[in-house]
Amino acid sequence: MFADIHRLTIVCFLTVSAALPQAGKLEVRGSLRTRLEMWDWFEGAGDNSYAYSGNLLRLGIGQQRVGWDWQVEFAAPLLFGLPDGALAPAPQLQLGLGANYYAANENSRNAANLFPKQAFLRLKDLGSPANSLRLGRFEFLDGAEVAPADPTLAAVKRDRIAQRLIGNFGWSHVGRSFDGAHFVRNTADTNITLVGAVPTRGVFQVDGWGNLDVAIGYGAITRQVPRKRSKGEWRLFSLYYQDWRNVVKTDNRPLAIRALDRDDIRIASFGGHYIHAHQTNSGTVDLMAWGALQAGTWGVLDHLAGALALEAGWQPPGLPRLRPWLRAGMYYGTGDGNPSDGDHGTFFQFLPTPRVYARFPFFNMMNNRDLFLSGILRPHRTVTIKSEARFLTLASRDDLWYLGGGAFQPDSFGFVGRPSQAFRGLANLYDVSIDWQASSAILVTGYVGHARGRGVVRAIYPEGTDATLGCLELVYRF
């Protein structure tokens, strides 16, 4: 099987490219990402060990003008060798993401499609050179509105702030976009962003043409805080989410009760972040705080929830050839403590890119307490080695173990939950990744993650409580 996947993957590298970057001229750009995923999920009543190839070709054309610009981009996901037996009866359910791709694509082992990934017109200099308005289909990542000039802050923001609540689910082989409007005001040290949009289909299904009966409204102000020996940034945001799809919600109520609740989800979230990097005689120290509060309605239930993340990092100066970066932190997202009280207290993650915060994505930020240690080595300007240890428990033993990244189909909720069986301990995760920037156009990544299940996992998968994910990925930009 591995040989067949390899041959099919090689075919995806045949591509033709062109680039005309001159101002006012057409620009043609693209990328090809190919990844081999090897899953060994917790052992259940199905095929928990398998491999498949996921590929995503993107090709776009655009033009920059004085007062406006435009871009049209198409995406072609190609999936080969999806597992046809990786689904088990409840509560074991999908045995890894291969089962998600297989089920979302009409139980096909191979799937492909072509759809518009982006198609927008951007109007610039609207009353001021600082203002612009993008209309159409585009990608959007919350928390990534502006990249700080300081490299430490930029890395922390990219890896530990962006996409917690709204993202393109870029790790999946299809991803998501948004249809709507995106306003930006950029001044010297302040960014104001407003977005009103509906998400597209995609993520696990290769058909990304249509959109969903879901809407978001997002507003944020981000400001840089420069100081003599340190740099900082803060952001305040608000996010409104409404889901009027006629689907069964995933929560800790009995199925018979959930099946009768087809009322809308309407949730408002308010939050912010602060990141800070300070140069000391003992190296660079960074701090990060992120939090959000939510209120609204979860179908017929009242919704009230919250989440908090606190992290710190240190880049000691003593090993200049390795350039180490040590980090530690915690995250807490509330869970629901009583399925019968008329309230819903599980923090809702909306439409994120969960893999940024769960490199082995068997969990997300809902009903989760995550303590972690990480180390980064940069032995060469083209090589980054990162390892993490995560200790995962449920915030509430009366709630579910959640995973998923939000709505992607009209008829499936987008988040999956498994019962806690009255346990809190979920798993310990240990992983390592290597990124090699082989050239300006080629990035090669290898990843291995191993999870050792604790009480929740042992109760659901008594036959085998260890799981491993291995990935080998190549990205070519042209």
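All values below were derived from every heavy atom in this structure, side-chain atoms included, with hydrogens, water molecules and symmetry-related copies excluded.
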- Query: salt bridge (charged side-chain N to carboxylate O under 4.0 Å, His left out): which pairs involve residues 297-316, sequence neighbours left out?
  - Reply: Arg160-Glu311, Arg164-Glu311, Glu311-Arg327
- Item | Partners meeting side-chain contact (heavy atoms from CB on, under 4.5 Å) with Ala292 (sequence neighbours left out) | Phe237, Ser269, Trp290, Phe347
- Query: Within a radius of less than 6.0 Å around CH2 of Trp436, do more than 12 heavy atoms belonging to other residues, nucleotides or ligands occur?
  - Reply: no
- Item | Candidates Tyr52, Phe362, Trp41 - the one meeting side-chain contact (heavy atoms from CB on, under 4.5 Å) with Leu97 | Tyr52
- CG-CD distance between Asp150 and Gln279, expressed to the nearest 0.5 angstrom: 7.0 Å
- Query: Where the side chain of Arg258 meets the backbone of Val248, is there a donor-acceptor pair that is under 3.5 Å apart?
  - Reply: no
- Task: Start with the C-alpha gap between Thr297 and Asp263, add the side-chain angles, then the distance that decides, and say whether side-chain contact (heavy atoms from CB on, under 4.5 Å) holds.
- Result: CA-CA 9 Å; Thr297 58; Asp263 286 13; over 6 Å; no
- Item | Charged N-O contact under 4.0 Å between Asp142 and Arg235 | yes
- Item | Short side-chain to backbone donor-acceptor contact, Arg201 and Asn211, under 3.5 Å | yes
- Might you point out which heavy atoms bring Ser420 and Asp398 nearest each other, and give the distance in Å? OG-N, 4.3 Å
- Message: Per the salt bridge (charged side-chain N to carboxylate O under 4.0 Å, His left out) rule, what does the pair list look like for residues 341-358, sequence neighbours excluded?
- Response: none
- Query: Within the distance-only criterion (no hydrogens, no angle test), does the side chain of Asn368 pair as donor or acceptor with the backbone N or O of Gly333 below 3.5 angstrom?
  - Reply: no
- Note: Phe415 and Pro352 closest approach over all heavy atoms is CZ-CD, 4.4 Å
- Query: Where the side chain of Thr353 meets the backbone of Phe169, is there a donor-acceptor pair that is under 3.5 Å apart?
  - Reply: yes
- Message: So Arg158 and Val356, do their side chains get closer than 4.5 Å, heavy atoms only?
- Response: no
- Please tell me if the side chains of Thr334 and Gln294 come closer than 4.5 Å, counting only heavy atoms from C-beta onward. no
- Item | N/O donor-acceptor pair under 3.5 Å between Arg262 side chain and Ala259 backbone | yes
- Message: Any donor-acceptor pair under 3.5 Å linking the side-chain atoms of Asn55 with those of Ser53?
- Response: yes
- Give the minimum heavy-atom separation between Pro91 and Ile460, together with the two atoms involved. O-CG2, 3.9 Å
- Mind checking whether Asn168 and Gln163 have side chains closer than 4.5 Å, heavy atoms only? yes
- Can you tell me if Asp336 uses its side chain to pair, donor with acceptor, with the backbone of Gly345 under 3.5 Å? yes
- Note on the structure: By side-chain contact (heavy atoms from CB on, under 4.5 Å), Ala147 pairs with (sequence neighbours left out) none
- Item | Exercise: do Asp431 and Tyr447 side chains pair donor with acceptor under 3.5 Å | yes
- Task: State, to 0.1 Å, how close Gly208 and Thr200 come at their nearest heavy-atom pair, and which atoms those are.
- Result: O-CB, 4.3 Å
- Message: Is it true that, when you exclude Arg321 itself, more than 12 heavy atoms of the residues, nucleotides or ligands shown sit nearer than 6.0 Å to its CZ?
- Response: no
- Message: Under the rule for side-chain contact (heavy atoms from CB on, under 4.5 Å), what residues qualify as partners of Ser439, not counting sequence neighbours?
- Response: Ala441, Ile442
- Query: Looking at Phe372, does the NZ or CZ of Arg390 lie under 6.0 angstrom from its six-membered ring centre and within 45 degrees of the ring axis?
  - Reply: yes
- Set of side-chain contact (heavy atoms from CB on, under 4.5 Å) partners for Thr193, sequence neighbours left out: Phe140, Glu145, His182, Val184, Asn191, Val195, Tyr218
- Val156 side chain near Pro148 side chain, heavy-atom distance below 4.5 Å: no
- Note on the structure: Asp399 meets the salt bridge (charged side-chain N to carboxylate O under 4.0 Å, His left out) criterion, sequence neighbours left out, with none
- Item | Residue pairs, two or more places apart or on separate chains, that pass side-chain hydrogen bond (donor to acceptor under 3.5 Å, both in side chains) and touch residues 77-105 | none
- Between Trp234 and Ile221, is any pair of side-chain heavy atoms under 4.5 Å apart? yes
- Nearest 0.5 Å please: distance from the CG atom of Asp466 over to the CD atom of Glu43. 10.5 Å
- Item | ring pair (Phe, Tyr, Trp, His ring centres under 6.0 Å) partners for Trp298, two or more places apart | His344, Phe348, Phe413
- Is a side-chain donor or acceptor of Gln205 paired with a backbone partner of Asp207 at a separation under 3.5 angstrom? yes
- Query: Does any non-hydrogen side-chain atom of Arg418 lie less than 4.5 Å from one of Leu403?
  - Reply: yes
- Item | Donor-acceptor contact present, side-chain Tyr402 to main-chain Asn367, <3.5 Å | no
- Working for side-chain contact (heavy atoms from CB on, under 4.5 Å), residues Glu473 and Arg33: CA-CA 7 Å; Glu473 177 179 287; Arg33 187 186 69 196; 3.7 Å; yes
- Any chance the side chains of Arg477 and Ser31 put a donor and an acceptor closer than 3.5 Å? no
- Query: Is the closest side-chain heavy-atom distance between Met365 and Tyr331 below 4.5 Å?
  - Reply: yes
- Measure from the side-chain N and O atoms of Trp39 to the backbone N and O of Leu95, and report whether any donor-acceptor pair falls under 3.5 Å. no
- Ignoring hydrogens and angles, state whether a donor on the side chain of Ser177 or Glu139 is under 3.5 Å from an acceptor on the partner side chain. no
- Task: Please examine the side chains of Leu153 and Asp286, heavy atoms only from C-beta on, and report whether any two atoms are closer than 4.5 Å.
- Result: no
- Message: Just by distance, no angles: are the side chains of Trp244 and Gln242 close enough, under 3.5 Å, to form a donor-acceptor pair?
- Response: no
- The salt bridge (charged side-chain N to carboxylate O under 4.0 Å, His left out) partners of Arg452 (sequence neighbours excluded) come to none
- Message: Once salt bridge (charged side-chain N to carboxylate O under 4.0 Å, His left out) is applied, do any residues pair with Lys249, and if so which ones, sequence neighbours excluded?
- Response: Asp261
- Would you confirm whether Lys117, through its side chain, and Val174, through its main-chain N or O, come within 3.5 Å as a donor-acceptor pair? yes
- Message: Can you give me the closest heavy-atom contact between Leu400 and Asp251, atom names plus distance?
- Response: CD1-O, 3.2 Å
- Query: If you look at every heavy atom in Arg458 and Gly453, which pair is closest and at what distance?
  - Reply: NH1-O, 3.7 Å
- Message: Would Leu429 and Phe363 count as a side-chain contact (heavy atoms from CB on, under 4.5 Å) here? Give the steps.
- Response: CA-CA 11 Å; Leu429 171 61; Phe363 62 99; 4.0 Å; yes
- Message: My understanding is that only residues two or more places apart in sequence, or in another chain, count here; which of them pass salt bridge (charged side-chain N to carboxylate O under 4.0 Å, His left out) with Arg266?
- Response: Asp264
- Message: Taking atom CZ as the centre, does Arg424 end up with more than 12 heavy-atom neighbours from other residues, nucleotides or ligands that are less than 6.0 angstrom away?
- Response: yes
- Task: Begin from the C-alpha positions of Cys471 and Trp171 and carry the test side-chain contact (heavy atoms from CB on, under 4.5 Å) through to its verdict.
- Result: CA-CA 12 Å; Cys471 301; Trp171 193 73; 4.0 Å; yes
